[in-house]
Amino acid sequence: MTEATDLATAAGDRDPKVGLRAVTALRRLLEHLEAAQVRSARAQGWSWQEIAAELGVSRQAVHKKHGGR
Amino acid sequence: MMVGERFTKEARVAVMAAVRDAEKVHAGEVGVEFLLLALLDAPVLAGFDLPREELEAAFRDYRRKGGLTKADAEALRGLGIDVDAVIDSVEQSLGAGVLRPGPRRRWFGMPLEPAFKKALENALRESRDLGHNYLGAEHVLLALLQGKGIVAEVLTERGVTYEEIRKRAASARAR
């Protein structure tokens with residue numbers, strides 16, 4: 001099998017279990033990345049408003065999610 | 001019935017030790033890995049090669065990667081994402097250990113990770129399935145092995161299987 005078809009097989013794996021596991025893992029990674037970036041922004045003096053604008057969500061949403069840390 | 005009613009002293013002590021150890025390392029919450037570390041000396045694990053330092057290192061690596069297991073990393077590789085590269089680059093710009101959840105503001109002691117609670121619930125089911133009237137280390141281990149989380153991964157890598165623990169649990173004398 002060529003490398004290209006290998007990749008295509010993995011990315012489009014028909015087994016829902018594989019695909020869903022990847023989605024779950026990606027979501028967990030994303031959540032941790034977001035938390036780390038927000039902490040860093042706050043440490044650098046960014047306001048919740050500025051962070052929210054950058055993330056494309058409301059100030060309330062970002063504060064509710066990350067404000068308690 | 002409440003989960004706690006059937007707990008053996010061994011299981012109760014393990015849960016308390018897990019909470020204490022999680023607090024000691026300033027974890028954000030009490031993860032399932034602390035539950036396993038608290039159960040390492042349980043008789044049901046006798047004979048397995050489970051060096052504490054090695055397990056602790058595996059768990060640190062897991063937390064450093066934001067709670068991703070090797071199986072998770074494998075699944076992400078299927079999408080073309082190299083988790084190690086992502087973590088390295090984030091740590092380079094934001095600092096080492098930045099994806100490890102830190103302590104949260106809290107009012108009622110350290111929270112248990114959802115998977116921790118789930119493991120205790122499932123332990124009760126394992127105990128019932130075996131017809132036992134107590135909940136011991138073996139049932140908690142069975143519950144942990146049934147999940148597809150970090151503890152199951154670390155244990156199966158070292159030859160501890162659900163089947164073997166269940167065999168041992170089934171042959172244990174009634175307490």
Problem - chain A contact via B/A71 - which portion, at a heavy-atom distance below 4.5 Å - result: both
Fill in the blank from the handout: Residues passing the side-chain hydrogen bond (donor to acceptor under 3.5 Å, both in side chains) test with B/Q146, sequence neighbours excluded, are none
Problem - Within one Ile-Leu-Val-Met-Phe-Trp-Tyr cluster: B/F59 and B/F48, side-chain cutoff 4.5 Å - result: yes
Exercise for the section: Identify the heavy atoms of B/L76 and A/A22 that sit nearest to each other, and give their distance. Expected result: CD2-O, 3.6 Å
Practice task
Answer yes or no: does atom CD of B/E157 have more than 12 heavy-atom neighbours from other residues, nucleotides or ligands under 6.0 Å?
Solution key: yes
Practice task
Look at the side-chain heavy atoms of Ile, Leu, Val, Met, Phe, Trp and Tyr, link any pair under 4.5 Å apart, and say whether B/L94 and A/V38 land in one connected group.
Solution key: no
Exercise for the section: Verify the distance criterion only: is there a donor paired with an acceptor across the side chains of B/T69 and A/R28 at less than 3.5 Å? Expected result: no
Practice task
With a 4.5 angstrom heavy-atom cut-off, could you sort out which part of A/E31 is near chain B: side chain, backbone, both or neither?
Solution key: neither
Problem - Passing candidate, side chain to side chain contact (heavy atoms under 4.5 Å, CB included) with A/L29, options B/D72, B/I87, B/V90 - result: B/I87
Exercise for the section: Determine whether B/L40 and B/V154 fall in the same hydrophobic cluster, where Ile, Leu, Val, Met, Phe, Trp and Tyr are linked whenever their side-chain heavy atoms lie under 4.5 Å apart. Expected result: yes
Handout entry: Rounded distance (nearest 0.5 Å) linking atom CZ of B/R63 with atom NE2 of A/H32
Key = 7.0 Å
Problem - In one Ile/Leu/Val/Met/Phe/Trp/Tyr side-chain cluster, 4.5 Å: B/V25, B/F116 - result: yes
Completion exercise
Among residues 46-55 of chain A, residues within the sub-4.5 Å heavy-atom range of chain B, in order of number, are none
Exercise for the section: Might you confirm whether atom CZ of A/R27 has over 12 heavy atoms from other residues, nucleotides or ligands at distances under 6.0 Å? Expected result: no
Fill in the blank from the handout: Counting heavy-atom pairs under 4.5 angstrom with chain A, the leader among B/I81, B/V98, B/V83 is B/V98
Practice task
Give a yes or no on whether the backbone of B/E74 and the side-chain of A/R21 come within a donor-acceptor separation of less than 3.5 Å.
Solution key: no
